[in-house]
Structures are given as structure tokens and as C-alpha cells.
Amino acid sequence: MTHDLVLQVLDKRGCCGFKGPRAVEWLRDQGLLLPTQPNSWAISGKNLEEVIVARLGASEFFIEGMVGTEILERVASNTVKPSGVYPVLREDCAFVISGTNVDEVLAQVCSFNFADLALAANPVIMTLVMDVAVLIVPQESSVGCRYRVWCDPTFARYILDGLEPIVIEYGGVHRETYYE
Amino acid sequence: MFTRHDTLKPGYDVVIIGAGGHGLAAAYYLARDHGIQNVAVLDKGYLGGGNTGRNTTIIRSNYLTPEGVKFYDESVRLWQDLAEDFDLNLFYSTRGHFTLAHTDSAMRTMRWRAEVNKHFGVRSEAVDAAFVKRAIPSIDLSCGGHAPILGALFHAPGAIARHDAVAWGYGRGADRRGVEIHQQTEVTGIRVQAGRVAGVETTRGFIGTSRVLCAVAGFTPRILDMVGLSTPIYVHPLQAMVSEPIKAWLDPIVVSGSLHVYVSQTARGELVMGASLDPYELHSTRSTLDFAENLSAHMLDMFPFLCEVKVNRQWAGLADMTPDFAPIMGVTPVDGFYIDAGWGTWGFKATPVCGKTMSHTLATGRNHELIEGFTIDRFARYQLTGEKGAASVGH
Amino acid sequence: MKLLVCPLNGPRPVTEFAYGGEVRVSPDPDACSDAEWGNYVFNRSGSPGQKYEWWCHAASGFWFIALRDTTTDLVIATYPAEFVQTGFSRVRPQ
Ligand SMILES: Cc1cc2nc3c(=O)[nH]c(=O)nc-3n(C[C@H](O)[C@H](O)[C@H](O)COP(=O)(O)OP(=O)(O)OC[C@H]3O[C@@H](n4cnc5c(N)ncnc54)[C@H](O)[C@@H]3O)c2cc1C
């Protein structure tokens, strides 16, 4: 049995959302790299300035990065947005689940078949985990697939408590919060 | 058990569509109490093959509105000597009925229901968790930590009965008094002349009649289309399942709205289990794995020791739902067309009182006073009879 | 497990969706009678058939319209929500 299966909450992450007919144009003007297809993601910036942009539909975006990232602070600030750009309040809790048996773990709590994903297309998956809506961005990493998961923070405890025993059953660990 | 009639007469005093419990009970009381024996009961399938033969047989009267409580209480009273009336064992078994409360607001509804019930002389009490534990020692009061049980509404007269026997008893009683039961006879149209019913078209020919009772549960909208009546009735499947027989351990009937579960144990030892309505409209009685999985998970929240027990069968019926969870009964704007429908997930218990009140209504042409809160025109008057708090899941 | 094809998220188990009922057009509340309004608020077309219905993919909050046969449970086609403005009046049963 492998022991690289890890469930971990990410702390110090900030996020925000935008939608509206002029969201694409405005976010581009802010210097963000936008995915062209709905339900896919792209990365802007490097290292600590790295920001993930997930496109959730024709004109809706979710943006996440380290708290303090210049571009994130700028787009999320309270300045008045141009007409046709509507901020969406997002206070998601972020966590990561990664390792060899990760697809088996998710199969216990979710009806989406992650084993079948084409990762090269940078897909974003909106599905239900234990009946809670989540946003998932799969990323390839040295340990195989690594899923970044966001959910409403009021459900985070419930989801983590539900996932933990399954992760342990598959030989994994629930690690302390860490900063990414 | 029943007389076979190879031919239909050209006409009857009353034609009843649907040989479920409701249609047969109406025929029985028409013949017994009102001297109207020239009655045909038609069914497109077989007697008792609709929701009557698919239901989980919970009988109770702990409803929420005064209209509901009075009506169901009369039904519970009628049930008591029915077996003797029929000379047939209905396996009527008074068990006591717990509606569990997992939240403070649910507890408040239980107290409210208990007060309304007591006001009308119906035995209901709000009880605490310790009382629940004494009556059902094997229950996990914490429900696996997800939904701790705070208390319950306890309704001592809550009972179960053998559903098939109810249909057979009413059917045989009606048959012996001269009512004709025609199975495999589907109504395909209703002839209305100058706003009055003139007869019904069937797969076996036309029958003349001036009075038609529609008692077809999940098929009601199709019959109403034949006479051009609109109602709020919408049809969703309701599923149920039963376990292999195990030694008797559960005496009362247990219902949890929060966990979407209700369960009782039959005399044979099977656990009869149900949950809430399927989530969308469908006119098909297919079963789903989602249902069996969710219901089992919630059963295990309450009774973890059942984890090795097998599910034997699963099935569904078509529930005719209304927005206020009260039925639609009585006379309609079409002269001679009567309705007994909108019984959704909770109409088995009402079989006797529906038969009683509908036979009165058919015989006199005027709504029985007990069904005045349930008439078809209440929606146009914006006067609903809100039973949702007491009727959903609980059945 | 029954699958429904969401126009945005692709095929998903039906448990990920919420059913929003038949697509219906409201009468003008200022011009219609109480009876017409009551008919709109309460009455439904309860018989089986091919119906245009609102569905929501609960995980993404995406609303769309599906044309579904309520006897066979087969989805014949799906449409974006804008269909209510763009095409529905042409196909709507009167
Ligand atoms: C799974 C399930 C669990 C339930 N649990 C409970 C419970 O615990 N307690 C409770 O009180 N109630 C319960 N109910 C509700 C209850 O079963 C029904 O409300 C009640 O049985 C309705 O009886 P009925 O005689 O009106 O209809 P049915 O028994 O459905 O009879 C209608 C008959 O009409 C016939 N018919 C239809 N169309 C035509 C036509 N065109 N021509 C001729 N015949 C036609 C059908 O073949 C059918 O036999 C439950 C229902 C279901 C499905």
C-alpha cells in the first residue's frame, strides 16, 4: 500500500468571483490569463504570485491565489467595477487531496468519474461531494493527480470529517493545514 | 372471492373508475348504507393493483389542520370493526407511531400537532428522547452523530394493516351486495352532454350512467383531461422497499422527516421502509438504486445493527400530489362527475372514511360535511388546507 | 444510475440536479382576473407527455431547460435558459 495519499486544508488563500457580459474583457485588462472554454482553468503569474482562474460558464469566473498576491488584491478590491462586470462573493474553503488512490476515495463520496478525466484539457469540475457543491481543479503533479477542491466554508468541516476516515482507510493521512 | 361478470350492462346507476381501496370502499358503502347496488367498479388492471397494493400501510390521525384531524380520526374509528364487518383478517395492528424530531423547530411542530390533536380528542403527546429510547431500545439516539434525536410526537393509535385484505374485504362486501367489479376494463373517455355526465367509454364498450366517481390515484390527471377539469395534481413516483424477515424487535412505527425514513415491522418480521417522494414528475413505476442506497444509509443512522440485513424487494407507485398535501374530494363543476383524488402518499389510512363520505356525496349529490375542507374549488378561492407539516414523509 | 446531459457540465447523475417544474408563462398579473391568476398559481398539466421543464445543475447553479418525456423519462433535447425568450413561444403548447 502506498502512503502518499494526503488530505490537507490550504490556508491563507484568497478568492473572488466575477460574472457578466463584460467580465471577460475586464479581467483580461487586469492582466489575467483567461481559459477560453467553459469549465476549464488557466494560471497567471509565477510562484507566489500564481493565480488560478477557473471559467465556470460563458461569462463567470472564479479566481484564487495566495492572500496578498498583487493581482488578486487588485481585482478583489472594493473599487467600483465597470457596468457589465458583477462581483460574486466567494469565501470558499480550499483543500487538496492527492496521491495514488485519490480517485477511489472520491468515488466513495461523489458520482463523477474522475478516473476518466482528460487532464491535458485543464478541466474544471463542478459536482457534489456528499451532497455539497464543490469546485474541483485537477492538476498533474509529481505524485500523480492532485485535486484542488473549493466549497462553501460552512460545509468544510462536514466534508473533511467525511473524507478523513476514507482517506485513512486507503492508507492516507489528513495533514495539518499548510500554506501553499 | 368475487363474481365474474363476462358482460357489461348497458348502464349503471353509478360507475366507479378504479378498483383500489377507495373505489371499492365507496361501492361497498353505496350498496350497504345507501341501497344503491346497481354499481360497476372498473379497473384497467387488477383489483388492488394500484397504490392500495403498493403502500406501506401506516394508519394514523395525528395531522395538523382541524379538517385533517377530524377526517382521519373518523377513519381510524372506522378501521376498528372493519375485519368483523368483512369477516376477513385485516391484520390491523395498533403499534404506536413516533415522528422523530431532530431539531428545535421540529420539536415545536410536534408540540403544535400534539395540541391540535388533543383539542380534537386524538391521543398525541410530545415526548423526550428518553421516552423514545424506552420504546425502541435499539435506536441510536445520536443517529451516528449526524442528527441527534431530541424528542418525538408519539401517537398511540398509530397502526398498520394488511393492504391487500382491505381491497379484498371491500371488494367482496360490495360484490355480495350486487356491485359488479370489472377488471381489465379501462376507461378511455367520458361522455359529457350539456355539462352533465352521460356515460363512460371503455375498452369493452360504452356504458351509460349519470354518476361517475374518479378514484384512480396517480392516473387522475388523465381522467380529468377527459372532462376538461384542471387541478393542481402532479404525479411523482413514491418508492418503498422491504427487508428479509427477521425476529421481531421493532414494535412501534418510526418516522423521521429529517432523515427521510419511515419503518415498521410486519407480523412476518419484514421491515417495511419508505422515504420521501421521487424528486421529479414521472409516470412510471420503475425502482432506482439511489432510493435504496439513500434509504439504507438513513436506516443505518438510526439502527446501525441492521447492516447485515438484506433488502428483499423494492417497488413504486404513482403518487397524486397536491400543493397543500390535502386531498381533492367531492362534487365538481361537471354535473355527475365526482372526484376522490390527490391522496398522494397518505391515502391508505383514509380508505374507510373516503368510502363513507364519497358514497354519501354520490347518493345525495352534496358534499359530506367532513370533506368540505377538501373541495376542488378551494384553489380558485385561494383557501388551501395546509397539511404539509404533517403529511410529507410521514404518510 | 440515471444520467442527464447538462448543456454546461455534460452527462451527470440525475442526483446532481434539482427539478424546477414545467416551463410556464405567467398571465399579466395586472390585467388578468383572480380566476386566471389562481389557475396559473395552482393548476398544473398533470398528465404524462413531452414537457419543457426547468432543471438546475445543483453543483454549478446552472439552470437550463430540458424537453423530457414524462412516461419514458427520456430527455429529448436541452436548451439554455434563454430559450424561454428566444424559442419557447414557438413550441409552447397553447
Ligand atoms: C409506496 C407507497 C407508500 C404509501 N404509504 C402509505 C402509508 O403508509 N399510509 C397511507 O395512508 N398511504 C400510503 N400511500 C398512499 C396510498 O397508497 C394511496 O393514497 C391509496 O392507496 C390510494 O388508493 P386508491 O384506491 O385511491 O388508488 P389505487 O389503489 O391506486 O387504485 C386506483 C386504480 O385505478 C385504476 N385505474 C387507473 N386508470 C384507470 C382507467 N383509465 N380505467 C380504469 N381503471 C383505472 C388503477 O389500475 C388502480 O387499480 C402510499 C403510496 C405508495 C405508492
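Only a predicted model underlies this, so the values are computations on that prediction, with no experimental measurement involved. Chain letters run A, B, ... following the sequence lines, proteins first and then strands; every chain starts at 1. Any value given below was found using the heavy atoms of this structure, including those in side chains, with hydrogens, waters and symmetry copies removed.
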Spacing of C:Tyr19 atom OH and B:Asp278 atom CG [to the nearest 0.5 Å]: 12.0 Å

Mind listing the closest non-hydrogen atom pair of [X] and [Y] along with its distance?
X        : Y        : value
C:Asn43  : B:Thr231 : OD1-C, 3.2 Å
C:Gly46  : B:Pro221 : C-CB, 3.4 Å
B:Ser230 : C:Asn39  : CB-OD1, 4.3 Å

With a 4.5 Å limit on heavy-atom distance, are the side chains of [X] and [Y] in contact?
X        : Y        : result
C:Val14  : B:Tyr280 : yes
B:Leu384 : C:Phe42  : yes
C:Arg44  : B:Pro323 : no

Pairs of heavy atoms under 4.5 Å with chain C: top-ranked of B:Asp290, B:Val235, B:Thr322: B:Asp290

Heavy-atom contacts under 4.5 Å, residues 64-74 of chain C to chain B: C:Arg68, C:Thr70, C:Thr71, C:Asp73

Donor-acceptor pair between C:Ser47 and B:Asp225 side chains, under 3.5 angstrom: yes

Residue-level contacts of residues 330-339 of chain B with chain C, using a heavy-atom cutoff under 4.5 Å: none

Per-residue contact mode, B:Leu282 against chain C (heavy atom under 4.5 angstrom): both

Chain B contact via C:Trp55 - which portion, at a heavy-atom distance below 4.5 Å: side chain

Ion pair check, B:Glu281 and C:Lys51, cut-off under 4.0 Å: yes

